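Numbering of residues begins at 1 and proceeds along the displayed sequence. This is a predicted model, so every value here is computed, not measured.
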Amino acid sequence: MNGTSAVSATGPAGGGPDPLDHPDPARAADAAAAETLVRAYVRETGTEVPAAGRSLHLVLPVSGLTLRVPVRYRSATGRHRFGPVRVVVSESGGSLPADVALVAAGLVRESTLGRGLPHPLGADAVGRVLDSARRTAVHLARRRAEAPGTAGPTPFLDAEQALLLGHPFHPAPKSREEASEAELEAYSPELRGSFPLHWFAAHPDAVIGESADGRPVAGLLRALAAGPGGPDVPRGTVPVPAHPWQAREAVRRPEVAALLDAGLLRPLGPAGPAWYPTSSLRTVHRPDAEVMLKLSLGMRITNSRRNNLRGELRLGVRAARLLAAGPDGPGAWLRAEHPAFGVLRDFAWVSVGRDGGDGPETGLETAIRDNPFRGGSGDGGEALCVAGLLAERTGPGDGSPPPYRAALCEAVERAAAVHGISAAEASERWLLRYLDVLAVPLIRLQARHGIALEPHHQNTLVALGSDGLPVAGRYRDSQGYYVAASHAAALERLLPGAAEGVELVFDDAFVDERVAYYLGVSNLLGLVGAFGAYGLADEERLLRVLRGALERLRAAEPGAKGLLDLLLDAPALRCKANFLTCVDGLDELVGDVHTQSVYIDLPNPLAEAQR
């Protein structure tokens, strides 16, 4: 779409040129990293943010520092915009510029020594912040060098490649310390990378896996490896795919070395057509393939090493079976009640080992996922990762703002033009349509069948109509499934053994708490915050619109009362603390689901909206 929207380009923020648009990509990346760090810190410490045009003062007694941060935009949901950070150096208010290294050192030190934690713990977090900023500079430099109008191979991939700055509340969203520059050239979606899979040939006795419909995994893999340029698979063996970075690391593991020594596993090397990394890096897509692959990737990304665990792979297949069970089961109900919503199944998985799947992971675990997005012509249409749709853009490199701060701004402007309404009205309409195609089906699925998901922005997809408004929604990810204990017996009758051997059933209150975070705080409030930060609509007005829609749903869907009472009326909501989780060095994929991350209590703006 051509044209420029001044509101969408500059947002509501004042106070001079936006630091994100600085001509030097390193300076722009430094500003983005410092701003995100401050945003996460004030959220997790409950620091009050003054009105736009004033300055936030962060007093850090452990380091003897005071940071002065101009407020460009104050958000009701925490999506604040900040200007360049300065460190106060005199009682009269004199100050000097503070780069992200100083900001990170001060805030992390305050959060370690200030809580009585050992100082070395913070050094790792600071290093990850700086690595993330450095990677972001590379991403910005590369995109700014592209010709105007350059896009990904398909709309689906373009959205997956849009997260140049990363999560707006994570201190190190682009940290990838363990890969070389050459590797990241191929592995990074932000650089529009692509690579062939690395293949192994496994003896059938060493292949472990399952599929939701009972199809042999070996047949799925042979079909995937077939075709021009594919691996030369020895007769009688099974082709097993791996991420090329993971393949190098996995052969060093004792379990894999033992398979190689026994002749049960043989490296075949890279082969076949190129696959594109999506926004998660480890899930790869090929526009002409029948499936997507969620590869194991032990590289530390944000807070976790993204090794696939067999338990979560089994959970994905179990969830696919559960959704398909019975003529009146959850999947049939969803298709009848919400035909515009769907779940991308992780319907099969594969690994290698001699233990029948009961031993340690080998690092060669892969989930096989539905792929309806084939060249933009599949039944998913132009479905977009919501995180990519909301991803903030920087200027072209001459100091000016971008034509649109995010793809969301383009969509809203299109909707406003088509329907002859203001951007604020189009934003309200967009939000309500988004609820219809994505949030309402998820809430009703939990209310009717006790199945709850983790629909943060990266796990959700939305297709837009020609007028820019949402027309369909989808959910993806094998890890994020819960069954509320109150529905466990009914689901066991529907699919005997549904919860056997997997971590699936949880107390209702815990499920409500997690959905309130993932759907309520991360997704819906995050969306409202993006509308506000980009200058599209007033957040307070959108919160009232959102509250009204959820109140109507509460009245119509009694089974959702627990969740919606929490979302609408609780004075505070549990919220994942990405800054503190990073500082404490926690891996979100390891350990008990109740303690994998740090959670805080966040004041609930939806409860405030009724006053």
Side-chain angles (χ1 to χ4, degrees), residues 196-226 230-272 282-284 291 293-299 304-321 346-369 478-479 497 499-504 587 589-591:
L197 299 175
H198 191 108
W199 292 91
F200 291 84
H203 189 281
D205 291 345
V207 176
I208 306 162
E210 61 180 329
S211 67
D213 58 8
R215 282 182 292 171
V217 173
L220 292 171
L221 295 173
R222 289 189 179 105
L224 194 62
D232 185 9
V233 184
R235 185 182 297 274
T237 65
V238 178
V240 175
H243 190 288
W245 189 91
Q246 185 77 354
R248 182 192 66 197
E249 299 300 307
V251 296
R252 301 173 183 171
R253 298 189 183 191
E255 299 82 11
V256 176
L259 291 171
L260 293 168
D261 290 344
L264 297 174
L265 189 68
R266 173 181 167 187
L268 300 178
R282 61 170 164 166
T283 299
V284 295
V291 297
L293 300 176
K294 184 178 179 181
L295 304 167
S296 200
L297 184 59
M299 187 188 303
S304 306
R305 295 189 183 278
R306 306 294 167 160
N307 288 303
N308 286 334
L309 304 177
R310 291 175 187 170
E312 68 190 29
L313 299 180
R314 292 188 183 99
L315 181 61
V317 171
R318 197 71 53 83
R321 288 174 177 159
D346 286 355
F347 66 90
W349 66 274
V350 65
S351 180
V352 295
R354 291 190 290 186
D355 48 36
D358 296 327
E361 282 81 9
T362 57
L364 298 180
E365 287 75 25
T366 294
I368 302 175
R369 177 176 292 173
S478 65
Q479 292 170 248
E500 185 178 337
V502 294
E503 196 173 20
L504 180 60
D587 188 323
L589 303 183
V590 175

Less than 3.5 Å apart, which donor and acceptor atoms pair up between the side chains of residues 236-243 and the rest of the protein, not counting sequence neighbours?
residue	atom	partner	partner atom	Å
T237	OG1	P234	O	2.7
H243	ND1	W245	N	3.1

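- Counting heavy atoms from C-beta on, the side chains of D346 and V317 never come closer than 4.5 Å.
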>> Applying side-chain hydrogen bond (donor to acceptor under 3.5 Å, both in side chains) to S351 and R310, what does each step give before you reach the verdict?
In response: CA-CA 8 Å; S351 180; R310 291 175 187 170; 3.3 Å; yes
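- When all heavy atoms of G363 and S296 are compared, the closest pair comes out as O-CB, 3.6 Å.
- Partner of N308 under the side-chain hydrogen bond (donor to acceptor under 3.5 Å, both in side chains) criterion, chosen from R282, Q246, E361: R282.
- Once rounded to the nearest 0.5 Å, the distance linking CG of L221 with OG1 of T366 reads 8.0 Å.
- Using a 4.0 Å cut-off between charged side-chain N and carboxylate O, R321 and E210 make a salt bridge.
- Contact annotation: the side chain of I368 never approaches that of L224 to less than 4.5 Å [non-hydrogen atoms, C-beta and beyond].
- Across every non-hydrogen atom of V502 and G311, the tightest pair is CG1-O, 4.2 Å.
- No side-chain heavy atom of V352 sits under 4.5 Å from any side-chain heavy atom of I208.
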Would you tabulate the side-chain donor-acceptor contacts of residues 251-269 under 3.5 Å, counting partners in other chains and residues two or more places apart, or write 'none'?
residue	atom	partner	partner atom	Å
R253	NH2	N307	OD1	3.1

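- Counting heavy atoms from C-beta outward, L364 and F200 have side chains that approach closer than 4.5 Å.
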